[in-house]
Number of protein chains: 2
Amino acid sequence: MAHVKGPDHSRRKERSRQAILEATRALVAEEAYEKVTVEAIAARAGVGKQTIYRRWPSKSAVVFAALLALSEDPDGQSVALPDTGDLETDLKLVMRATAEEFADPSFDRLIRALNTEIANDAELAAEYREKLAQPLEEAKKARLRSAQEVGQLDADADLDLVLEVLYAPLFQRWLHRSGPLTAAYADSLVDATLRAFGPRTGVGSTPGELGPVDS
Amino acid sequence: MAHVKGPDHSRRKERSRQAILEATRALVAEEAYEKVTVEAIAARAGVGKQTIYRRWPSKSAVVFAALLALSEDPDGQSVALPDTGDLETDLKLVMRATAEEFADPSFDRLIRALNTEIANDAELAAEYREKLAQPLEEAKKARLRSAQEVGQLDADADLDLVLEVLYAPLFQRWLHRSGPLTAAYADSLVDATLRAFGPRTGVGSTPGELGPVDS
DNA sequence: GAAATGAAACGAGACGGTCCGTATTGCTGA
DNA sequence: TCAGCAATACGGACCGTCTCGTTTCATTTC
């Protein structure tokens with residue numbers, strides 16, 4: 001008597017759900033965002049338009065869900081950054097990889113669509129932060145904390161600020177197409193960030209008042 | 001007989017042109033961007049729709065022109081940053097002012113609309129860079145160069161990179177609504193930037209191998 | 001067990017509404 | 001007189017709703 005509801009159509013639902021999300025991703029990846037229509041998604045997914053609107057309230061929501069699912073695929077597997085023991089090495093690795101990702105046209109279009117959605121919708125932005133950005137940031141901060149423990153990063157550094165100084169320039173340069181995203185550029189961002197937040201040159205225990213370098 | 005063309009309607013043309021741009025700015029400032037329609041602009045400007053399309057090829061172009069005109073208004077007057085002689089003071093002044101600007105809802109909507117346009121249209125982005133971003137950046141770089149000359153900034157620093165490290169975090173935090181844009185935050189960005197690109201402390205400048213804490 | 005039953009979900013697509021960008025029309029002002 | 005204009009009708013694209021006949025599947029019936 002656990003069956004309160006009627007027939008179990010969950011498998012059917014899941015299949016069409018996946019088809020819709022995959023069709024959406026494919027379309028966003030291969031065309032300009034304005035050309036992605038709900039009708040096109042439905043046709044590509046082999047699905048009726050109503051099936052889409054049964055699950056999501058708007059086109060924005062569908063696109064957003066499709067892009068969210070991109071990073072949720074690997075079940076519960078949480079992100080983890082490389083940890084060779086040397087922060088500079090690890091950061092350069094990650095930043096170079098990030099810069100390369102942005103060079104891929106498909107990825108470019110996907111992320112541009114995502115940014116357009118969240119820049120103009122505070123609710124979607126909050127959901128994006130909660131489900132995608134926060135977990136990733138936590139992983140990055142975990143790596144930074146481990147660097148703090150071995151004295152490769154200022155123990156007092158605000159990690160949110162460190163991440164922003166590190167990533168925001170890359171993001172802005174990509175979004176505004178204001179310069180090339182080369183490996184050298186990625187490296188120079190890491191260098192700048194480490195100069196700003198690297199270990200204090202002084203006798204570094206807990207800081208606060210001691211200021212041996214006063215120049 | 002310098003009049004090659006017919007009757008001199010230039011004053012009329014100019015009047016309707018200004019009316020269109022002003023109506024556009026008003027609408028973008030007060031409503032969500034999707035609600036701004038060409039018909040609404042025409043009605044508000046007391047102008048026929050065709051008059052708009054006679055001058056601009058698309059809605060995007062009108063909106064873009066309206067926002068461009070925002071910063072072109074003060075005739076040929078070029079931008080100049082404060083120069084008290086102390087870079088830290090000047091940068092904090094500018095960064096605090098920038099952070100405050102973003103807090104104004106009208107300004108927020110205007111810049112959000114502008115960013116949406118240029119993020120998805122490489123041509124508009126190029127025009128934006130040429131007509132708005134570049135001149136502003138040049139003014140900022142001029143201030144930085146003067147700081148380099150008096151030894152308040154590393155003479156070898158890449159000024160484009162300095163500006164990115166300084167402004168991009170603020171921009172990203174605003175765009176993604178990922179944190180408050182306080183004066184303290186503005187200051188901490190200046191502090192970080194100056195630690196990264198400030199005058200070299202001496203000979204053994206670049207970090208990397210010196211490791212008093214090796215645990 | 002296999003066939004019949006009924007409800008939920010579905011594919012297809014017609015429909016109203018909004019908006020873009022074009023075409024038409026009659027007016028107006030120099 | 002006539003170029004430029006406001007007003008507005010229009011075609012086309014798309015969104016989101018609604019309808020209709022069909023498919024799928026748990027349950028019932030033999």
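Here is how names work: the chains are called A, B, and so on, in the same order as the sequence lines, proteins then strands, and each is numbered from 1.
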Note: for B:Ser58 and B:Arg54 on DNA chain C, the residue whose nearest nucleotide lies more 5' is B:Ser58
note: B:Gln50, atom CD; D:dT8, atom P; distance rounded to Å ~ 15 Å
Taken to the nearest whole Å, CD1/B:Ile52 to P/D:dA7 is 12 Å
Going by the angle between their ring planes, with limits at 30° and 60°, are A:Trp174 and A:Phe102 parallel, tilted or perpendicular?
-> parallel
| request: Compare side-chain N and O positions of B:Arg55 against OP1 and OP2 of D:dC5 and report whether any pair is under 4.0 Å apart. | output: yes
Hits for side chain to side chain donor-acceptor pair (under 3.5 Å) against A:Tyr33, two or more places apart or cross-chain, chain-then-number order -> A:Glu117
Just to confirm, is there a sub-4.0 Å distance from OP1 or OP2 of C:dA9 to any side-chain nitrogen or oxygen of A:Ser16?
-> no
Here the gap from A:Ser16 atom OG to A:Leu21 atom CG, rounded to the nearest 0.5 Å, amounts to 9.5 Å
Per side-chain hydrogen bond (donor to acceptor under 3.5 Å, both in side chains), A:Arg112 is matched among A:Asn115, A:Thr116, A:Asp108 by A:Asp108
Residues passing the side chain to side chain donor-acceptor pair (under 3.5 Å) test with B:Ser188, sequence neighbours excluded, are none
A:Ile41 atom CD1 is separated from D:dG16 atom P, nearest whole Å, by 11 Å
task = For A:Glu30, look at atom CD and say whether over 12 heavy atoms of other residues, nucleotides or ligands are found less than 6.0 Å away.
result = yes
Identify each atom pair where a protein N or O and an N or O of nucleotides 13-15 of chain D are less than 3.5 Å apart, giving names and distance.
from	atom 1	to	atom 2	distance (Å)
D:dC15	OP1	A:Val38	N	3.4
D:dC15	OP1	A:Lys59	NZ	3.4
D:dC15	OP2	A:Val38	N	3.1

